[in-house]
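One structure is given below, encoded as structure tokens.
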Amino acid sequence: MLTPPSSKEELMARCYALAGLTLGQIAAQTQQQIPDNLQKYKGWVGQLLEHVLGATAGSKAEPDFPQLGIELKTLPVNATGKPLESTYVCVAPLTGEPGLQWHESWVCQKLQQVLWLPVLAERTIPLADRVVGTAFLWRPNAAQQKVLQQDWEELMDMISLGGIHNIKGATGKVLQLRPKAANSRARTDAIGAHGEPIKTLPRGFYLKASFTALLLQEQFQLA
DNA sequence: TCCTGATCATGG
DNA sequence: CCATGATCAGGA
């Protein structure tokens, strides 16, 4: 475990040093074992890169680099630079959180400053041979902030009014609500159709892949 | 091929 | 159970 980076510049320098390296090379530096596949280690890539960059370990509800206010997200991409997956943001409060405003929300806080770290991650490429790309720091611009806020408000309104069962993955332009649980039997508190307390599958907020694709395009001027 | 629901590991 | 890290995998 490295010491946490003391500045944004130091963090970026560490990232640039990783660009072009394979996960095998990085794992070797830290004497980590590489799993054959990610089926039983789905968070392995993210945790490896957190480790080598000096992120705060653990499952604490705070940014990966608390002093810098920066959240780290690995982004699996294909050979043409398109994201292969949506990006998990945070769990969704399903009990309404009366009066919670967008700027106070977990989603807004987490997305204030994100360090994206693309990883070439087509499933045909063995884990050890997958290459780390060039990291970039992203802060949502005004337009992005606006659409994120609109989506969040729409989703939170539906949740608060007992409409969680009407929420589909397609609800929201860039932000979506999807299951986030150990399995489909998991249950958490939520609001029923008539305002009554119910138990339902825990959900999380995700950024759609089409949205992160735009961020990559902006950054790298992809065709 | 893409999307959405389901799932896996770990730490507290 | 919740929050961290995400990807899997079947059906549309």
Which sits closer to the 5' end of DNA chain C, A/Y206 or A/V91, going by the nucleotide each is nearest to? A/V91

Roughly how far apart are A/I164 CD1 and A/T200 OG1, rounded to 0.5 Å? 5.0 Å

Whole-Å gap separating C1' (C/dC8) and CD (A/E122): 16 Å

Answer with base, sugar-phosphate or nothing: what part of the nucleic acid does A/K180 contact at a heavy-atom distance below 4.0 Å? base

Report which part of the nucleic acid A/A170 touches: base, sugar-phosphate, or nothing (heavy-atom distance under 4.0 Å, all strands). sugar-phosphate

Starting from the 5' end of DNA chain B, give me the residue, A/K168 or A/Y41, whose nearest nucleotide shows up first. A/K168

Winner on side-chain proximity to A/D64, out of B/dA6, C/dC8, C/dT4, is C/dT4

Under 4.0 angstrom between A/T74 side-chain N/O and C/dG5 OP1 or OP2: no

So what does A/G43 hit on the nucleic acid, given a heavy-atom distance under 4.0 Å: a base, only sugar-phosphate, or nothing? base

Of C/dA6, B/dT4, B/dG5, the nucleotide closest to the side chain of A/P179 is B/dG5

Contact nearer the 5' end of DNA chain C, comparing A/R123 with A/K110: A/K110

Between C/dA9 and A/Q39, is there an OP1 or OP2 to side-chain N/O distance shorter than 4.0 Å? yes

Applying a 4.0 Å non-hydrogen cut-off, can you work out what A/T87 is touching in the nucleic acid: base, sugar-phosphate, or nothing? nothing

To the nearest angstrom, how far is A/Y88 atom OH from C/dT4 atom C1'? 7 Å

Specify the residue among A/S210 and A/N183 whose closest nucleotide of DNA chain B lies further upstream toward the 5′ end. A/S210

From the options B/dT4, C/dA9, C/dT4, select the nucleotide whose nearest atom is closest to the side chain of A/C90. C/dT4

Evaluate the ring planes of A/W138 and A/F211, with Trp represented by its six-membered ring, and classify them as parallel (under 30°), tilted (30 to 60°) or perpendicular (over 60°). perpendicular

